[in-house]
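So you know, we letter chains A, B, ... as the sequences are listed, proteins then strands, and number each from 1.
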Number of protein chains: 2
Amino acid sequence: MPDRTPSPLDLLDDIGLHLLRELQRDARLSFADLARQVGLTAPAVAERVRRMEATGLIQGYRAEVNRAALGLRMTAFVRVRTHPGRDAELERFAAEQREVLECHEVAGEESYLLKVGATDVHHLNRLLVLLSAFGATHSTMVLTTKLTGRVLEPFA
Amino acid sequence: MPDRTPSPLDLLDDIGLHLLRELQRDARLSFADLARQVGLTAPAVAERVRRMEATGLIQGYRAEVNRAALGLRMTAFVRVRTHPGRDAELERFAAEQREVLECHEVAGEESYLLKVGATDVHHLNRLLVLLSAFGATHSTMVLTTKLTGRVLEPFA
DNA sequence: CTTGAAAAACGTGATGT
DNA sequence: ACATCACGTTTTTCAAG
């Protein structure tokens, strides 16, 4: 048994890349529209996309919502130097708090890096107080986001 | 002239939130499916979603692709303390490099925080060398990502 | 992968409450 | 703001090439 996963390599030919770009740009394009873009028929495109999903190349389709419209007008990155043995607790806390947008375990002086949203400085402060229970924190406020959600291309 | 934007407040009732959750979970759901989920008809749902897009509440629909499958097996956050007057140059560089996934202007000792992808440590090192032209850098390698792409709920 | 075809599901616009 | 209906389109599944 050679491969466990059907290796997405053959999916990344010219047409596959074209499809991947289009779906990153607009995930709600119909198969018929996609077919017109890449010069195939709709069933052929549907099968390609289905294989991209099955191999895990495409992990899902997400609506991108305006955080500010939901009240999260500010963004911050918080580095946490966890107290010994509190890693699991911090991860559970991060998973429970809707304000925690991302949570990464990292190498270096701190062991975690969180991306958090907050309505205002008071809200952010409350979060930081809660986080300080797990370790020393260092936070960095985002002034303006210059770039996000880039369309990815293959590097390998 | 009261409001310039038709204020998405009325879009965030129970049904609106339900729709928003579903579309964050699976952006390719049909209007008919969405209608069944929330208990409305398809045309009603289509109009609601169209208004969510028009008001900017929904900013788009993106396919989420597996970065590792595209060759970007490692992720790092890089803080850059830019040299005086080089901010615009750094922003242009960040926009040009496909490896730069996010670029934020931040408050604190450093003025920029970048999220970058790379194929391996050599690739990452090449990036850091290029970035060092714009200022002093401090990079943090991601070991494992515990949380990302959370479904957002309103806070206001 | 294409073509063709057929059935089910879907999107859209008009109309009415 | 929503329901209903009607029409055209899309999706899906087959077949055969």
Under 4.0 Å, heavy atoms only, any strand: does [X] hit a base, just the sugar-phosphate, or nothing?
{"X": "T41(B)", "result": "base"}
{"X": "A32(B)", "result": "sugar-phosphate"}
{"X": "R51(B)", "result": "sugar-phosphate"}
{"X": "R48(A)", "result": "sugar-phosphate"}

Closest-nucleotide ordering on DNA chain C, the 5'-leading residue of V45(A) and R28(A):
V45(A)

Shortest non-hydrogen separation from C103(B) to L114(B) and the atoms involved
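Looking at all heavy atoms of both residues, the closest pair is SG-CD2, 3.4 Å.
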
Just how far, in rounded Å, is [atom2] of [N] from [atom1] of [X]?
{"X": "D33(A)", "N": "dT11(D)", "atom1": "CG", "atom2": "P", "answer": "8 Å"}
{"X": "L34(A)", "N": "dT12(D)", "atom1": "CG", "atom2": "P", "answer": "12 Å"}
{"X": "E47(A)", "N": "dT2(C)", "atom1": "CD", "atom2": "P", "answer": "11 Å"}
{"X": "L40(B)", "N": "dA1(D)", "atom1": "CG", "atom2": "P", "answer": "12 Å"}
{"X": "L29(A)", "N": "dT9(D)", "atom1": "CG", "atom2": "P", "answer": "19 Å"}
{"X": "R50(B)", "N": "dT12(C)", "atom1": "CZ", "atom2": "P", "answer": "10 Å"}
{"X": "R36(A)", "N": "dT11(D)", "atom1": "CZ", "atom2": "P", "answer": "8 Å"}
{"X": "F31(B)", "N": "dT4(D)", "atom1": "CZ", "atom2": "P", "answer": "19 Å"}

Ring of Y61(A), cation from R28(B) - is the NZ or CZ under 6.0 Å from the centre and inside 45° of the axis?
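The answer is yes; both the distance and angle limits are met.
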
Under 3.5 Å, is there a donor-acceptor pair between the side chain of R62(B) and the main chain of R25(A)?
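Yes; at least one donor-acceptor contact below 3.5 Å.
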
From OH (Y112(B)) to OG1 (T144(A)), nearest 0.5 Å:
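If I round to the nearest 0.5 Å, the distance is 7.0 Å.
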
Phosphate-side-chain proximity, S30(A) and dG11(C), N/O vs OP1/OP2 below 4.0 Å:
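No, outside the criterion.
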
Would you say T82(A) and S111(A) are linked by a side-chain donor-acceptor pair, where the criterion is simply a distance under 3.5 Å?
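Side-chain D/A pair, S111(A) to T82(A): present.
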
